[in-house]
Chemist: 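Below is one structure. I have some questions about it.
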There are 2 protein chains.
Amino acid sequence: MASSAPEERSQRVAEIVAAARTLLEEGGAEALSMRRVAERLGIRAPSLYKHLAGKPELEAAIISDGFAELAQAFAGAAGEGPRERLAAFGRLYRGFATSHPHLYRLMTARPLPRERLAPGVEEAAARPLVEAAGGDGDLARAVWAFAHGMAILELDGRFPPGADLDAAWEAGVTALAAQVREHRARRRQA
Amino acid sequence: MASSAPEERSQRVAEIVAAARTLLEEGGAEALSMRRVAERLGIRAPSLYKHLAGKPELEAAIISDGFAELAQAFAGAAGEGPRERLAAFGRLYRGFATSHPHLYRLMTARPLPRERLAPGVEEAAARPLVEAAGGDGDLARAVWAFAHGMAILELDGRFPPGADLDAAWEAGVTALAAQVREHRARRRQA
DNA sequence: GTCTATACCCGGATAGAC
DNA sequence: GTCTATCCGGGTATAGAC
């Protein structure tokens, strides 16, 4: 069974997910344990299993919420040409990742439990990306790979200390925007 | 203390690292436990601590070896122009990731324990990337982000089932190669 | 020096009583 | 719906046998 959207969750389940989310955002994935979630709610860990199937389902609920919030963040993406659209997408993407680093990691840095997610949330978050890429699926995947790579490598502290990440983002956006423009030109010809 | 290079490792430590590497490559990070490593060597887990400080040091030894192998793989990278050099880099990078998925994840999908690594291995693996990017550090980081994003998203099964990943790689390489060419042109002017 | 046995703490999860 | 008791597996420290 797929995880319910927030509105369909029972009061108790919503409280559990909220407590779990707080633990995750404050202390990362290691801080998110069933025992700790229970402790935060003043109950024992086994009691949680009367409301949720287990930890994977709890994580999936958090991930579903994350995708919904990401899609909402993208709603504010605007821009005249491919260049500005891609740049705006990049700013929002990076902003989400750096604002919710542990949540972002949970959402992206592992295989996605698609069967447990609320239906449609992944697609809703992906759509603005495809649009920013001018409708070309291959290019959209290249853009996503770039954006995810920049975001996750920054979160993990993998870039050198003095690295100018704004400049790296700009270099990638510039390169990919030129491709979007070319793809559009080819499309007009056909 | 930094992890020793393979040649400086004692026989016993080398055997332990080899057993750990096998477990990792065969069963992923969850399969890599101190108990299992010991079992594979016919001893008990606590005995390992006479040879190694702990699991983080064992992982660091595996990671150091991985970087050395990655640097060696890049040695075969050749190409006439920026386009072909970047394409060759991408092929080798993707090949390494798909040939050793669990090792690649251990090396890249988490913060890097730099203090425990054998000195110089990270830089040796990074150098060919900077060269492929034409010497521009910002562009090199954009290239790395793209390559890592493509590799890790493929390993984690995050792209749609029918996605043409060869085409996505090509789109990104084409876009970034054009930037490398432009950077070179600007450099000649100055 | 190298290994063993034992033990502690943490984690996910289940069974069954109230 | 919550409890207690319990199991399993993991990393790790200590004590002591050989």
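Residue numbers begin at 1 in each chain, while the letters A, B, ... track the order of the sequences.
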Chemist: Does B/E182 pair with B/R187 as a salt bridge, N-O distance under 4.0 Å?
Modeler: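 Not counted as a salt bridge, because no side-chain N and carboxylate O are separated by less than 4.0 Å.
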
Chemist: Could you give the CD-to-C1' distance, from B/E30 to C/dG12, as a whole number of Å?
Modeler: 15 Å

Chemist: Which nucleotide in the list D/dG10, D/dT4, C/dG11 gets nearest to the side chain of B/S33?
Modeler: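 Of the options given, the side chain of B/S33 lies nearest D/dG10.
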
Chemist: In whole angstroms, how far is the C1' atom of C/dG11 from the NZ atom of A/K55?
Modeler: 8 Å

Chemist: Let me know the distance between CZ of B/R44 and P of D/dG11, rounded to the nearest Å.
Modeler: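 These atoms are roughly 15 Å apart.
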
Chemist: Roughly, in whole Å, what's the span from CG in A/L52 to P in C/dA13?
Modeler: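 My rounded result for the distance is 11 Å.
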
Chemist: Using whole Å, what does the distance between atom C1' of nucleotide C/dG11 and atom CD of A/E59 come to?
Modeler: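 Distance, rounded to whole Å: 13 Å.
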
Chemist: Closer than 4.0 angstrom, basic N to acidic O: yes or no for B/E69 and B/R21?
Modeler: yes

Chemist: About how many Å separate CD1 of B/I63 and CG of B/L70, when rounded to the nearest 0.5 Å?
Modeler: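 Nearest 0.5 Å value for the CG-CD1 distance: 12.5 Å.
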
Chemist: Less than 4.0 angstrom between a side-chain N/O of B/H51 and OP1 or OP2 of C/dG1, yes or no?
Modeler: no

Chemist: Could you state the CG-P distance from A/L41 to D/dG1, rounded to the nearest angstrom?
Modeler: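 Whole-Å distance recorded here is 14 Å.
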
Chemist: C/dT2 phosphate, OP1 or OP2: any side-chain N/O from B/S47 under 4.0 angstrom?
Modeler: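 No, outside the criterion.
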
Chemist: Please report, rounded to the nearest Å, how far the P atom of D/dT2 is from the CD atom of A/E39.
Modeler: 16 Å

Chemist: Are B/Y93 and B/F146 close enough that their ring centres sit under 6.0 Å apart?
Modeler: no

Chemist: What I want to find out is whether B/E39 reaches B/R36 closely enough, with some N-O distance under 4.0 Å, to be called a salt bridge.
Modeler: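 Answer for the salt bridge query: no.
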
Chemist: Among C/dA13, C/dA5, D/dG10, which nucleotide sits nearest the side chain of A/M34?
Modeler: C/dA13

Chemist: For nucleotides 16-18 of chain C, which of its nitrogen or oxygen atoms have a protein nitrogen or oxygen under 3.5 Å away, and what is each distance?
Modeler:
none

Chemist: Please state whether the phosphate of D/dT2, meaning OP1 or OP2, lies under 4.0 angstrom from any side-chain nitrogen or oxygen of A/R12.
Modeler: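 Looking at the OP1 and OP2 atoms of D/dT2, one of them is under 4.0 Å from a side-chain N or O of A/R12.
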
Chemist: I need the CD1-P distance between B/I43 and C/dC3, as an integer number of Å.
Modeler: 5 Å

Chemist: What residues form a ring-ring contact (aromatic ring centres under 6.0 Å, His included) with A/F67, not counting sequence neighbours?
Modeler: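 With sequence neighbours excluded, A/F67 shows a ring-ring contact (aromatic ring centres under 6.0 Å, His included) to no residue whatsoever.
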
Chemist: So what does A/L32 hit on the nucleic acid, given a heavy-atom distance under 4.0 Å: a base, only sugar-phosphate, or nothing?
Modeler: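 Since only primed, P, OP1 and OP2 atoms lie under 4.0 Å of A/L32, the category is sugar-phosphate.
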
Chemist: Is the closest basic N to carboxylate O distance between A/D164 and B/R141 below 4.0 Å?
Modeler: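 Salt bridge: no.
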
Chemist: Identify whether the distance between the nearest side-chain nitrogen and carboxylate oxygen of B/R94 and B/E154 falls below 4.0 Å.
Modeler: yes

Chemist: With rounding to the nearest 0.5 angstrom, report the CG to CD distance, A/L117 to A/E123.
Modeler: 9.0 Å

Chemist: Return the CG to CD distance between B/L139 and A/E170, rounded to the nearest 0.5 Å.
Modeler: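 B/L139 atom CG to A/E170 atom CD measures 11.5 Å (nearest 0.5 Å).
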
Chemist: Using the 3.5 Å cut-off, write out each protein N or O paired with an N or O of nucleotides 7-9 of chain C and the distance between them.
Modeler:
none

Chemist: Please pick, from D/dT12, C/dT2, C/dG11, the nucleotide with the shortest atom-to-atom distance to any side-chain atom of B/Y49.
Modeler: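 Out of D/dT12, C/dT2, C/dG11, the nucleotide with an atom closest to B/Y49's side chain is D/dT12.
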
Chemist: Which residue, A/R36 or A/A53, contacts DNA chain C at a nucleotide closer to its 5' end, judged by nearest heavy atom?
Modeler: A/R36

